[in-house]
Amino acid sequence: MTELNETNFYNPSEIETRWQKKWDEDGLYHSDIDPHRKKYYALTMLPYPSGDLHIGHWYAMMPPDARARFKRMQGFNVLFPMGFDAFGLPAENAAIKNNIHPKTWTYANIDKMRTQFKTMGAMFDWRREAVSADPEYYKWTQWFFLQFFKNDLAYRKMSPVDWCPNCNTTLAREQVWGDDRHCERCGTPVIKKNLEQWFFRTTRFADELMDFSKIDWPERVRVLETNWIGKSEGALVKFKTQSGDEIEVFTTRPDTLWGVTFMVLAPEHPLVKKLTTSGQRTQLNEYIQQALRQTDIQREATDKEKTGVFTGGYAINPVNGAKIPVWIADYVLMTYGTGAIMGVPAHDQRDFDFARKFELEIKVVIQPDGIAPIKSDEMETSFPAYGVMVNSGKLTGTKADQAFKRAIQFVEQLGVGKASTNYRLRDWLISRQRYWGAPIPIIYCEQCGAVPEVESQLPILLPDDVEWKPTGESPLKLHPTWKNTICPQCGGLAERETDTMDTFMCSSWYHLRYLSPHFSEGPFDPQEYAYWMPVDIYTGGIEHANMHLIYTRFFHKALHSIGVVPDTEPMLVLRNQGMVLGEDSEKMSKSRGNVVAPDKLVNQYGADTVRAYLMFFARWDQGGPWSSTGIEGTARWIRRIWALYNDPAPRGNPSTDLVRNLRRKLHQTLASVTRDFELLEFNTIISSLMELMNELTKAKQSGAAYTPEWKEALKIYALMLAPVAPYMAEELWQKMGRAYSIHHQTWPTVDALAAAEEEITLIVQINGKLRDRITVPAGISDEDAKKEALASEVVRKALEGRQPRQVIVVPERLVNIVV
RNA sequence: GCCGGAGUGGCGGAACUGGCAGACGCGCACGACUCAAAAUCGUGUACCCUCGGGUAUGUGGGUUCAAUUCCCACCUUCGGCACCA
């Protein structure tokens, strides 16, 4: 080491701190409106300020940063901002545990992470940073709530909601995960509570949310969201009980209405009491008690045997007047459809199981077309497919393709039903009984009810002096004075809402706040919006498919519907990265001890190497296990590039062929790197650059370093490296004596002529098997290719004078001789 | 159970529109340098083989002159949903 002179030694920490400082001082990465340039808004999901930037953050941000840099070099005016999703439970839990104020904890973490961010070498424009816990941010989160409230998109209702006993707050349905229905944050199984809570009408936009025709989002996300929204088309049909009460059911199979042999109500259904006959009362009450005592997990277990009790009451089937018994059973959920179903055992497996268990009638009304008819007493399972309607009065004989439509027409004409659509998606519960969030700007007045706060009074600031004991009630409620206020309508004494908003509310619009984080006349500056929006590419983890990604689109569509934004979609393209796993192929966690710390890696290898390795080690969209030996390979590559530029080159007489080949490889690499950047195929960008470096090294050994082609190669190589390894590229650029900064240079253009091959290897196959490779001039005609192939020694031997049956020529690629 | 993704050397992965399977890297082996080691550099590296060739992209079929790529069935695995009427 000692004999190496200063300039030859690659010292990333020196290079990186120096350029970081310079770029910062020069405002190299400022993005401002420029009507003369095409904009490109590249957005990466913002982090929660947990206090430490982990390798997953790097993985989510650095490859997209490289691509944003590439886009910038292509001439786009690129906006690539960063901020913090700063409200939320971890701060409050840390406060309880360590007796630090959530605000202190959060802002200290943000400071630390911002510093860590800067070492990454990302092109974030920090002037546009937005922090959701800043009053100037959450003022507008509250403002959005008020707009939703005023436009009937926010409402309050009493409902059974999921409650996490550990986090001491309610959760939205999608924040409850897994078979054991646990809290998405802490893993504790949730319980049900009946509470008065605020909701947003996400269901109003269910159809729009399922429409992906205007955006380029991954198939996987579209499928996930479509399933989550769970649209079912069918009919609502009214049955009447003997006492004249209506029981409405939702069905997706109106064509099976004639096969109804019983009805089932959810145990919680309001009509259960009235229907119950005195003889059944004891048994029924017992069943209801038992059903209510069960947790959702027990109740919704799909593998258990059906249970239920007859109410003693009957209903009349409106299509054929049949008298049918009404049961209650816990397999019918009060939360979906109408809480009541029609039982069609012949054509629904659940109803079939129920009918068999309680010996109820099974009546076949759909027969398969063409094959042997089904007999009800011989059935072993239900027949759920469409078919020809039988025993269905006037509709008997209707074929599968007409059955659904005609059955709906039929009930509509009778006036007992109508077409209807049901969704699995529920409205979004946004109330949280916690302190560290944006207060819901509503005032409760005894005279006027729930009254919106006056907009000029926003933000409703969080008080600093609170006790955050986890009591299950919002700490704001326990504050001695905070909630006391005056009704904006009548001026009387009133109380504030003490719940805060779900933090997903804050992150539903952060991409808009980045546009103008200090704008005070609205949530965003309309001029900035007009130039930058919509987001051109959004990147992040797929785990948010059913949460953040649905919320943020809902938010935008809601804002569109009330005229706040002109677009219906916030993000045109979505791409998901995979996850960096530990070396043991397991998810990284402190308890497993397999966590990779980026700070350490940066100290050891420099940020450029870490960036390059993250791009190289796996497909970005899939991720994979970390490898501490793997990164050595990338580090070696980076050092060899350094040597390529800085070590003395031997003199020699490079042949014209060598120089020609060098240029060809250079421009071929440029073409593939350009393409791969466009497609976010980061791993092959690095492989191509490694290949080219190997070629360059060989050429240098052969004395090519004194040719003009070499100079071009070093220039283009540095430019291709700039998005990947921004520090080293800048340093090499300067050492070459070129003008600062490499990050203001234009992406080089491919010289197609130079990239073109003069000679190609023609593959010769016999019966599809490789037999020979022959070198022929590029652009060879099919006829000549055929001639050359047949003339080949190997082919002549193999054919032994036989005539080929067929010869297939793939232009400039391959000749296949079939014998 | 339903929906979706993925199965390629010892490992991560590459292969653009159906046309040379295994680019690039890790690892490993050997060599150079060194008193020695590390680092670095070079060479080799799918499997079998009688050195002609043969076999290989989860398994079994099919389409085709030609299949990692298209079609059918199955297996494994990961993710989502799950008594949603």
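Every chain is numbered from 1, with letters handed out A, B, ... down the list of sequences.
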In terms of ring plane angle, is the pair [X] and [Y] parallel, tilted or perpendicular, where the classes change at 30° and 60°?
X	Y	value
A:Phe682	A:Trp620	perpendicular
A:Phe354	A:Tyr331	tilted
A:Phe383	A:His347	perpendicular

Give [X] one of three labels, base, sugar-phosphate or nothing, depending on what nucleic acid heavy atoms sit under 4.0 Å from its own.
X	answer
A:Ile763	base
A:Arg640	sugar-phosphate
A:Trp637	nothing

Seminar exercise, completed: Encoded 5' to 3' (Watson-Crick or G-U under 3.5 Å; [ ] crossing; | other strand), RNA chain B becomes (((((((..(((......[....)))((((((.......))))))(((....)))..(((((..]....))))))))))))....
Exercise. What parts of residues 681-698 of chain A reach RNA chain B, counting only heavy atoms under 4.0 Å away?
Worked result: A:Asn683, A:Thr684, A:Ser687, A:Met690, A:Glu691, A:Asn694
Seminar exercise, completed: Sorted by chain and number, sequence neighbours left out, side-chain contact (heavy atoms from CB on, under 4.5 Å) with A:Ala206 holds for A:Ile229, A:Tyr423, A:Leu425
Throw together a table of side-chain donor-acceptor distances under 3.5 angstrom for residues 664-674 of chain A, partners on residues two or more places apart or in other chains.
{"residue": "A:Arg664", "atom": "NE", "partner": "A:Ala756", "partner atom": "O", "Å": "3.0"}
{"residue": "A:Arg664", "atom": "NH1", "partner": "A:Asn661", "partner atom": "OD1", "Å": "2.6"}
{"residue": "A:Lys665", "atom": "NZ", "partner": "A:Glu691", "partner atom": "OE1", "Å": "3.0"}
{"residue": "A:His667", "atom": "ND1", "partner": "A:Asp751", "partner atom": "N", "Å": "2.9"}
{"residue": "A:His667", "atom": "NE2", "partner": "A:Arg663", "partner atom": "NH2", "Å": "3.4"}
{"residue": "A:His667", "atom": "NE2", "partner": "A:Glu712", "partner atom": "OE2", "Å": "2.9"}
{"residue": "A:Gln668", "atom": "NE2", "partner": "A:Ala755", "partner atom": "O", "Å": "3.0"}
{"residue": "A:Gln668", "atom": "NE2", "partner": "A:Glu757", "partner atom": "OE2", "Å": "2.9"}
{"residue": "A:Thr669", "atom": "OG1", "partner": "A:Lys665", "partner atom": "O", "Å": "2.7"}
{"residue": "A:Ser672", "atom": "OG", "partner": "A:Thr669", "partner atom": "O", "Å": "3.1"}
{"residue": "A:Thr674", "atom": "OG1", "partner": "A:Leu670", "partner atom": "O", "Å": "2.6"}
{"residue": "A:Thr674", "atom": "OG1", "partner": "A:Trp747", "partner atom": "NE1", "Å": "3.0"}

Exercise. Judged by modelled atom types alone, do A:Asn422 and A:Ser232 share a side-chain donor-acceptor pair under 3.5 Å?
Worked result: no
For this session: Indicate whether OP1 or OP2 belonging to B:A39 is found under 4.0 Å from a side-chain N or O atom of A:Arg636.
Result: no
Exercise. Do the side-chain N or O atoms of A:Ser232 get closer than 4.0 angstrom to the phosphate oxygens (OP1, OP2) of B:A85?
Worked result: yes
Exercise. Got a sec, which pairs hit side-chain hydrogen bond (donor to acceptor under 3.5 Å, both in side chains) with one end in residues 777-788 of chain A, sequence neighbours left out?
Worked result: A:Ser781-A:Asp784
Exercise. Between A:Ser627 and A:Thr761, which is nearer to the 5' end of RNA chain B once each is assigned its nearest nucleotide?
Worked result: A:Thr761
Exercise. Residues in side chain to side chain donor-acceptor pair (under 3.5 Å) with A:Asp353, at least two apart?
Worked result: A:Gln349
